[in-house]
Amino acid sequence: MNQNRLLSWRKVFHLALAVPTLFAVTPRMAQNRLGCGSGAGYLPATVKGRDALRPFLQVKQIAILKILLWSCLCAGYLFPLATGAAVARETLYLTDMSRCKPAESLSEELRPNRWRMIPYKTEEIQGTLLGAASYIEAPEVRLPLNQTGWYAVYLGIWNPHLMYDGKPVIKARLSSRPVFQQIHPGGSPDTQATTYIEEVRLCDADLGDEQYIAFGKSNGLQPRSAYVAYVKLVPLTEEQIRLEGARRGTREHRNLVATFDGASILHFSECSTVDHLLEWVEKLRNSDTKKVLWAVTYGDRTGFPTKNLDLSYLGAEDQVQPSSVTFGNDYQRGQRQIQQFFKNCAEAGVVPQQALAEHAHGLGMNFDLMYRIGILGGLGLSSAHHNNYVQSHPEVRQVTHEGYVLEKASLAFPEVQQLILDQIAESCRQIDADGINLCFVRGPHFLLWEKPVRDAFEAKYGVSSADVAENDPRIDEVRAAIVTDFMQRVRGELDAIGKERGRALTLSVWVWPHEQNVWLGKRPIDEGLDVEAWIRMGLLDSVICQEGIDTSYMALGKEHGCEFVLFTGYRGDKAMSPKTLTDAFQQGVASFAYWDIDAVQNDPRTWRWLRQTGDRERLLKFYENPDLLKRRLIPLQEVNGVDVEHGLADAVYSGG
């Protein structure tokens, strides 16, 4: 992790090339090296465009320039090699995106399948940005890197409101990384008077072994625009490098469970290959994430190929909506993309969640599977919800206190419990998961007044259930006994699978505080969920608690080895933020979960704090100084040779 790398092969190589060519240097070569002109490559932060160099680029000054360059080479290469002295490094801007390869993928004009090269200028820098409208199917391109040492890597991205092209998706990765990270900057920061470059952080990295930085965009069924103006490299200090190395070398600070519902991502950007899916886990690299929690079932629908005739695979042929037109909005295009993606995976014999598990493990994270317990019958109006489990088995439907039959399966029936157990067994034998999670916050109610519930009540209390009030606490006890029996069956199934693998699998539940109602139901015990009993019985390894700190769960967990994990909430004053996490730390919470993290992890402002949920001091700074989360915006002066500093509003709006 030595940022100087004094004897690196790359320095020796550069020196070998530099010595014989030094005395043939030309003004054009000097321009290109320093980052100006048509070959702009490396622009020091202290240089402000071509004008700053012009006095030094006269032909009669070439001899002086040669001496200066030779001195720089000696100071930067020979002297450190001899003495071991550190080399001061400066912030660099890579401003010329026309250096990207392959050149065939670039164009100076708007053309299909090409990135457009657009000249730009700000007060500080000028260059050529890489741009593609949403409707352009632009391929991956690579910008060569030629640096050693540790840098903070930033991107200058453009999100022009004047293009009326929706919200962009920028993809970037270093050469050593197998898949892209995505950046979703959201709405444009532009005003009627000004258009901006926004500077966002990509990563911290040792660039000594990186050959290039690659860029991509979202194509296919979820096309998005992408514009990249520059790459900014800020050298890290020795202390920063030491701290980052120490942070990456331990798991102690990792305290975040990153939760994906397994389907939303297909509405946000292109997902036609497994690599596209992996991009969402790749974003978590070097963050404080300790576990990825990925949903693989949605009632009776599965995200993994199933042989169970009572289940429906998302990519099954009969799930595909018939259509001869392009779907008209993001959600419906996402639905079509879900069907096509999972169908293609099945045809290729690929279980996408296994690839996700392998990628998460490669990043030092656990990977758990989530199962949604609510099983809906629906209205049967679309292919995806036609002839499903509830419609095929009307005998397992829930019944209200008044006797109304609902289009929803009841957990009181043994065959419904078995269907969930079959999902767990089938998926865990296809996917190398470290554990499972039963999601109870999506689906209440789970059982009401069905015949098995009434029979159990009458057997326990010896009285008819016909005259029992709906809020009689005795019915809670009966429901809880049924669900607890189910939980014991789940624990037994999980232990059997773990025994086959030679390692134990963990069991967690996603619930809410025992004295609160959930947004779709009542208190946990009213829904048959006796979470406290499950902890006492040693059934659970962790409890993810939503929208409230339950001190009872926490105390029992400490006694019985069950971790308490908090999801503070979705919105308002409960939404996950530096404030709500700081407050929770002060109340003894150590671990957190983020529901639907895919909706926020690619937002540069959110990711600044969300990636370091284990750093209490840093979170406190964000909490105390919200300005740290503001966008860093740089006004543009020229775009494509046009002055946009004066009269931008007139240029956009005065025509009609």
Inset, instruction - I would like to know whether Leu207 and Leu233 meet side chain to side chain contact (heavy atoms under 4.5 Å, CB included); could you show each step before the answer? - result: CA-CA 10 Å; Leu207 300 185; Leu233 305 177; 3.9 Å; yes
Legend entry - Criterion side-chain contact (heavy atoms from CB on, under 4.5 Å) against Leu610, the qualifying member of Leu256, Thr289, Asp288: Leu256
Ignoring hydrogens and geometry, is there a side-chain-to-backbone donor-acceptor pair from [X] to [Y] under 3.5 Å?
{"X": "Asp596", "Y": "Asp598", "answer": "no"}
{"X": "Tyr120", "Y": "Ala229", "answer": "yes"}
{"X": "Asp165", "Y": "Ser134", "answer": "yes"}
{"X": "Arg114", "Y": "Ser105", "answer": "no"}
{"X": "Asp603", "Y": "Pro185", "answer": "no"}
{"X": "Asn159", "Y": "Glu198", "answer": "no"}
{"X": "Glu270", "Y": "Asn219", "answer": "yes"}
{"X": "Gln337", "Y": "Leu266", "answer": "yes"}
{"X": "Lys217", "Y": "Ile136", "answer": "yes"}
{"X": "Gln612", "Y": "Arg608", "answer": "yes"}

[X] side chain near [Y] side chain, heavy-atom distance below 4.5 Å:
{"X": "Val257", "Y": "Ile597", "value": "no"}
{"X": "Met576", "Y": "Thr613", "value": "no"}
{"X": "Asn344", "Y": "Thr273", "value": "no"}
{"X": "Val228", "Y": "Phe215", "value": "yes"}
{"X": "Gln222", "Y": "Asp330", "value": "yes"}
{"X": "Val231", "Y": "Tyr151", "value": "no"}
{"X": "Pro352", "Y": "Phe342", "value": "yes"}
{"X": "Val141", "Y": "Leu130", "value": "yes"}

Inset, instruction - Identify whether the distance between the nearest side-chain nitrogen and carboxylate oxygen of Lys232 and Glu199 falls below 4.0 Å. - result: yes
Legend entry - Carboxylate-amine/guanidinium contact Arg99 Asp96, below 4.0 Å: no
Please give me the minimum heavy-atom distance between [X] and [Y], naming the atom from each residue.
{"X": "Arg111", "Y": "Ser107", "value": "CD-OG, 3.2 Å"}
{"X": "Leu284", "Y": "Ala258", "value": "CD1-CB, 3.8 Å"}
{"X": "Leu221", "Y": "Arg333", "value": "O-CD, 3.0 Å"}
{"X": "Arg631", "Y": "Gly187", "value": "NH2-O, 2.7 Å"}
{"X": "Pro305", "Y": "Val351", "value": "CD-CG2, 4.2 Å"}
{"X": "Met163", "Y": "Tyr227", "value": "CE-OH, 3.9 Å"}

Within this structure, what is the [atom1]-[atom2] distance for the pair [X] and [Y], rounded to the nearest 0.5 Å?
{"X": "Lys630", "Y": "Asp627", "atom1": "NZ", "atom2": "CG", "value": "4.0 Å"}
{"X": "Trp115", "Y": "Leu129", "atom1": "CH2", "atom2": "CG", "value": "10.5 Å"}
{"X": "Thr128", "Y": "Lys121", "atom1": "OG1", "atom2": "NZ", "value": "13.5 Å"}
{"X": "Tyr230", "Y": "Ile157", "atom1": "OH", "atom2": "CD1", "value": "9.5 Å"}
{"X": "Thr122", "Y": "Ile125", "atom1": "OG1", "atom2": "CD1", "value": "4.5 Å"}
{"X": "Trp158", "Y": "Ser225", "atom1": "CH2", "atom2": "OG", "value": "10.0 Å"}

Inset, instruction - Could you check Glu279, His276, Lys283 and say which one makes a side chain to side chain donor-acceptor pair (under 3.5 Å) with Gln182? - result: Glu279
Inset, instruction - Compute the ring centroids of Phe260 and Trp294, then answer whether they are less than 6.0 Å apart. - result: yes
Legend entry - Distance-only polar pair, side chains of Gln354 and Glu358, donor-acceptor under 3.5 Å: yes
Inset, instruction - Starting from the C-alpha separation in whole Å, work towards a yes-or-no answer on side chain to side chain donor-acceptor pair (under 3.5 Å) for Glu282 and His359. - result: CA-CA 8 Å; Glu282 175 66 22; His359 197 59; 2.9 Å; yes
Inset, instruction - Quick one: do Glu210 and Ser176 satisfy side chain to side chain donor-acceptor pair (under 3.5 Å)? Show the steps, please. - result: CA-CA 6 Å; Glu210 302 294 348; Ser176 66; 2.5 Å; yes
Inset, instruction - Report the C-alpha distance between Trp150 and Thr237 in whole Å, list the side-chain angles of each, state the deciding distance to 0.1 Å, and finish with yes or no for side chain to side chain donor-acceptor pair (under 3.5 Å). - result: CA-CA 8 Å; Trp150 278 82; Thr237 66; over 6 Å; no
Legend entry - Candidate pair Leu236 and Asp204, rule side chain to side chain contact (heavy atoms under 4.5 Å, CB included), full reasoning: CA-CA 9 Å; Leu236 301 185; Asp204 294 341; 4.3 Å; yes
Inset, instruction - Let me see the working for Lys171 and Gln181 under side chain to side chain contact (heavy atoms under 4.5 Å, CB included), right down to the final yes or no. - result: CA-CA 6 Å; Lys171 297 187 177 187; Gln181 285 192 28; over 6 Å; no
Legend entry - Arg618 to Phe622 six-membered ring, cation-pi geometry met (6.0 Å, 45°): yes
Inset, instruction - Begin with the C-alpha distance, continue with both residues' side-chain angles, and end with the deciding distance and a verdict on side chain to side chain contact (heavy atoms under 4.5 Å, CB included) for Leu174 and Leu145. - result: CA-CA 9 Å; Leu174 295 174; Leu145 293 175; 4.1 Å; yes
Inset, instruction - Could you list all the ring pair (Phe, Tyr, Trp, His ring centres under 6.0 Å) pairs where at least one residue sits in residues 165-210, not counting sequence neighbours? - result: His184-Trp280
Inset, instruction - Inspect the surroundings of CD in Glu108 and state if more than 12 heavy atoms from other residues, nucleotides or ligands are less than 6.0 Å away. - result: no
